[in-house]
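In what follows, a structure is listed as structure tokens, so that the remarks can point back to it.
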Amino acid sequence: MEIVVCVKPVPESETRLRVSADGTSLDPEAVKFVLAGYDESAVEQALLLKESLPGSKVHAVSFGPAPRTEEVLRAAIALGCDQATWVEAPPGPAPDPVATGRALARPIFAMPHDLVLCGKQAGDDEAGLVAAVLGELLGVPDVGFVVDLRFDVPSGRLRFRRATEGGLELWEAPTPCVIGLQQAWNDPRTAKLPAILKSRRVAIAKVPYAPEDSSAPRSVAEKFELPPPRTGAAMIEYKTPAEAAAKLVRVLREEAKVFP
Amino acid sequence: MPDFSLTPEEESLRDLARKFARGEMAPVAAECDRSGRFPEEVYRKAHGLGLMNLNVPTEYGGSGLGVFAQCLIVEELAYACGGMTTSIIANCLALEPILLGGTAEQKTRILTPFCADYRFAAFCLTEPSGGSDAGALRTVARRDGESYVLDGEKCFITNGPHAELYTVFATVDPSLRHRGITAFVVPRATEGVLPGKDEEKMGHRASSTGTIRFEKVRVPATQRLGGEGEGFALAMRTLDQTRTPIGALATGIAQAALDHAARYATKRYTFGKPIAEHQAIQIKLANMAQAIRAARLLTWHAAWTIDRGARGTLESSIAKCFASDAALHVADEAIQTFGGYGYMKDYPVEKLLRDAKLTQIYEGANEIQRTVIARELLKSYD
């Protein structure tokens, strides 16, 4: 199976974000970028499928500026992706999700793709639109909020679950299609040291950005501001003490930043 | 112009170590410190990710890193737990004599199968009668046909009780002092190799340290590294390679101490304001930060010197000595910043002081480092 996985660099969750001087974007200076959490799940899903279907290949694709986009593609290769393609973003503000979908769809259309995976959304803008745009542009079905994706060899169809409010739906879909993965359901692997070293030497295909993909944006970020400092208490809802502790640790680490 | 920026590759290695340290080591660090448990599950994962045999070339199944990259990794690991870091990097020390003194045949025969699986090796130099005066060691290697018979006792051996392979320094003739010392690679499975119990230690409690007795241990001459009498120089060259990462280990402990202290200082109020706004505490934090920066830069400089092919005896001794002294001082000041809480085991800083202490003692006590520094220094005044 030829699997394409779309990856995006996003600020690490522990990064202290600053709004740019003109207030219309986030200041990328001193921000550490990492592979988006949802996309980590998509890469893991791609690798699980590859391992279960001999002869499969995984091709990572990303759209964004240097150097962070190249770095997330290398991270994807270190995890086990076979190839990588980078569409370099033009200078200026980040393109909206439709422009991003177009930029990604162009090289994907030209490469073999039985299945296109991506995170159902990205941890920075949380727009969650790229999978749908890709499905539309590639002319194939798209489904989001997916967990536990398998390929049923006899029927040649994908079987998976869709995480919805209060339950899991059982789905199947033909190939090719676009799937948006839920975050962290599959315990994404960590790249090994030798694979990290090897990933530095893999050639990344660079595709020029097609100016016609950047038509008038459908959405524009007018103003960014940090949330006002919160006062008072927050309640943690839980069923078991272990769950309460896990949630509390997450809040202390990621929100209160009491410890790293 | 010196360049202190890291390459993307170096950043990726550091990120891997940071992720492992915070995800796998930190959650069990306090528990292992309390119980003295040797967390095999952590070490097994470290091996799986390629974090254990950092200095062994990739052709023998190691990670093939230079000293600088090793230092980046070791500092991150030590930030989470100095003791676990010691056990994770002890293979580097134990295998370095094979890398420096082994023949191509020995490297392939010994290192390749060793590195393929999760295993420990242990460096056996120190003896009950002394460590710093290595020339006076008493373990004897008596030649008998095509083999040697080893008799003696080694102590304070990191990972000794868990190791499957020992690099042992013994003398073929005690009257020759350091000119009689010879190095051997001895599998644990050899008859007469008797690992003792785990020692109860003040710090580095997640690491294992023990005595190994060698009773009439027959070792084929093919397991000898280099010639007879070449063991002392081999041990010294080994320590030149491995001393710098101990500076990085100490720096990691110190950085953890500063981070704990600074975070606490912004949250703890006295006299109506956070103690971080009191000058007495600010001076402490500033001095801690300076010591850590200096320790890191000395460590990086020593690593850079060695990676450029120089022996780096002076640079690595300065780095190890300075960084370990800094770590003890910084950990001490972190406890002071926490006040009474710092002295309590419920808080993380007293462990850092206990862990920092060992870095002044092992891999060449700081008194020996100063002897070495003075000797190297005085060469230029002859």
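FYI, side chains are in, hydrogens and waters are out, and symmetry mates aren't considered; it's all heavy atoms of this structure. Order of the sequence lines fixes the chain letters, A, B, ..., with proteins taken first and strands second; residue numbering starts at 1 for each chain.
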Completion exercise
B:Thr299 and B:Ala323 have their tightest heavy-atom pair at OG1-CB, 4.4 Å
Practice task
Please flag which part of A:Lys32 lies under 4.5 Å from any non-hydrogen atom of chain B: side chain, backbone, both or neither.
Solution key: side chain
Practice task
Sort out for me which of B:Gly50, B:Pro8, B:Ser12, B:Gly62 touches chain A most, counting heavy-atom pairs under 4.5 Å.
Solution key: B:Pro8
Problem - Test item: side-chain donor near acceptor, B:Asn53 and B:Tyr60, under 3.5 Å - result: no
Problem - Proximal component of B:Ser63, with respect to chain A [non-hydrogen, under 4.5 Å] - result: both
Handout entry: Ring-face cation of B:Arg268 near B:Phe338 (centre distance under 6.0 Å, axis angle within 45°)
Key = no
Exercise for the section: Compute whether any side-chain donor of one residue and acceptor of the other, for A:Ser20 and A:Asp27, lie under 3.5 angstrom apart. Expected result: no
Practice task
Select one option (side chain, backbone, both, neither) describing which atoms of B:Asp15 are under 4.5 Å from chain A's heavy atoms.
Solution key: side chain
Problem - A:Ala191, part contacting chain B, at a heavy-atom distance under 4.5 Å - result: backbone
Exercise for the section: Verify whether one side chain among B:Ser207 and B:Thr86 offers a donor that lies under 3.5 Å from an acceptor in the other. Expected result: no
